[in-house]
Amino acid sequence: MNRQIAGVRGVAALLPVDCAPWAAVEERLRALMEAYGFREIRLPIIERTELYARAVGEVTDIVEKEMYTFLDRNGDSLSLRPEGTAGCVRAGIEGGLFYNQTQRLWYQGAMFRHERPQKGRYRQFHQWGVEAYGMSGAAIEAELIALGARILRELGVKARLLVNSLGTPACRERYRDALVDYLKAHRDRLDEDSVRRLDRNPLRVLDSKNPAMIEILDAAPAIADHWSAESRTHFADLTAQLRTLGVAFEVAPRLVRGLDYYTHTVFEWVADETLAQATVAAGGRYDGLVTELGGAATAAVGFAIGMERLMGLVTRQPQTLGLDVYVMTPAALQGRALVLAEALRDQGVRVEVHLAAASAKSQGKRARDSGARCVVEAVDEEGVVILTAGATQGGTVSWAQAVARISEILGAKAKIDDE
Ligand code: HAM
């Protein structure tokens with residue numbers, strides 16, 4: 001045998017056993033997107049590296065150390081997308097989506113970050129993102145958060161919602177100075193990572209997960225003390241609307257997020273605290289990004305769900321439609337069985353025919369494992385036996401009568417299942 005070739009570390013295939021629950025959740029998410037008036041946008045997986053440097057920020061972990069960047073054959077520097085927001089804005093500007101309009105968009109797909117793989121953290125992972133443009137008030141934030149809360153609730157995912165405001169860029173600038181002064185005064189107590197961040201992106205020091213840093217960070221200046229009157233009103237408006245909608249939240253004064261484009265509101269849903277990778281979904285407002293990327297000033301807010309993390313937390317799985325009919329057949333009758341299967345599919349019935357050489361016994365096992373609602377066994381040129389999954393016994397019918405009889409049984413079973 002030839003030597004096997006290993007997959008890339010942190011990059012997993014979803015096997016059929018995983019795909020079924022993913023597909024069921026995705027189907028539910030699509031329905032919820034429609035329920036909130038969001039429309040799909042399909043974004044490229046590669047973009048110019050400069051897009052992420054400018055949007056996400058030069059001095060962020062993502063751009064500094066996590067992107068898959070390469071030169072293409074023209075010598076252009078391209079990167080696999082580490083997230084969806086920058087590409088969504090870029091495509092929206094080019095596609096003329098923003099000028100004097102509102103947009104509610106969603107996307108999903110693989111993202112790539114060269115992080116250290118562990119449970120819940122992968123180098124290829126999937127996001128489901130929603131982005132809303134042209135709405136500057138707190139109401140759209142409240143609605144997006146209500147959508148996120150509904151998704152988690154319906155899927156039985158328990159997570160706390162943390163919210164904070166980074167204020168306007170001017171508030172952030174003032175806060176940054178105050179924070180740097182404070183952290184410099186305590187430099188000897190900072191860990192190595194925080195010292196590095198202090199010099200390059202001081203707000204990120206607040207994000208430290210090191211327990212030894214908690215005391216010093218708890219005593220750090222709070223961004224709320226540097227909010228402008230506008231920022232304060234905006235945040236008060238959001239929290240009031242969340243209360244009216246009955247969405248539970250906690251104000252998290254140290255929540256800053258790891259991407260540079262945010263202004264005003266930021267939020268995260270954090271599941272079980274004992275997990276290192278506990279943030280299942282996150283987002284915020286990013287009003288400056290459209291102009292930063294060359295478009296006309298456009299209000300913007302959105303969030304993305306980490307699909308691997310979400311799937312790891314789902315306790316209430318949406319139902320999917322499985323197979324209706326499994327056809328067992330000896331090799332000599334495979335041709336006839338295929339004709340029957342096609343005729344059933346013409347009626348909208350989902351059918352799998354056993355086409356590998358196998359004993360009746362092993363075919364029977366496969367039929368049971370398939371979860372099909374009705375099992376059909378081809379006997380000879382004269383007739384087929386319908387072994388039903390439930391109590392009903394179909395008896396032997398001719399090939400000519402089979403479609404009608406199977407449809408009848410499936411109809412009767414559907415009625416029982418509904419009751
Ligand atoms: P983010 O916080 O970088 O935000 O990622 C969003 C979510 O993606 C995280 O909360 C997490 O669930 C998931 N995620 C991130 N990295 C990984 C990884 N290596 N492995 C598994 N899951 C991961 C953004 O990407 C923003 N674009 C969100 C946004 C949309 N803000 C406004 N609109």
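Whatever order the structure lists ligands and atoms in, that order sets their numbers, starting from 1. Along the sequence shown, residues carry numbers from 1.
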Check your understanding: Where on R113 is there a heavy atom closer than 4.0 Å to ligand 1, on the side chain, on the backbone, on both, or on neither?
Key -> side chain

Revision key, fill the gap. For R350, the salt bridge (charged side-chain N to carboxylate O under 4.0 Å, His left out) test, sequence neighbours excluded, returns D324

**Study point:** Pick from E115, E131, E268: the one approaching atom 19 (N) of ligand 1 most closely through a non-hydrogen atom
**Key:** E115

Exercise for review: Using a 4.0 Å heavy-atom cut-off, say whether L259 meets ligand 1 through its side chain, its backbone, both or neither.
Suggested key: side chain

Practice item. Determine whether any heavy atom of W269 lies closer than 4.0 Å to an atom of ligand 1. Key: no

Review point. Just heavy atoms, cut-off under 4.0 Å: does R257 contact ligand 1 by side chain, backbone, both, or neither?
Key: side chain

Exercise for review: Please work out whether the ring planes of Y286 and Y261 are parallel, tilted or perpendicular, with thresholds of 30° and 60°.
Suggested key: tilted

Check your understanding: Counting heavy atoms only, which part of F112 comes closer than 4.0 Å to ligand 1: side chain, backbone, both or neither?
Key -> neither

Point to revise | Region of F303 that comes within reach of ligand 1 [heavy atoms, distance under 4.0 Å] | key: backbone

Review point. Considering distance alone, does some N or O of R121 sit under 3.5 Å from an N or O of ligand 1?
Key: no

**Study point:** Closest approach of any protein heavy atom to atom 20 (N) of ligand 1, naming residue and atom
**Key:** Y122 N, 3.0 Å

Check your understanding: When you measure from atom 5 (O) of ligand 1 to every protein heavy atom, which one gives the shortest distance, and what is it?
Key -> Q127 NE2, 3.2 Å

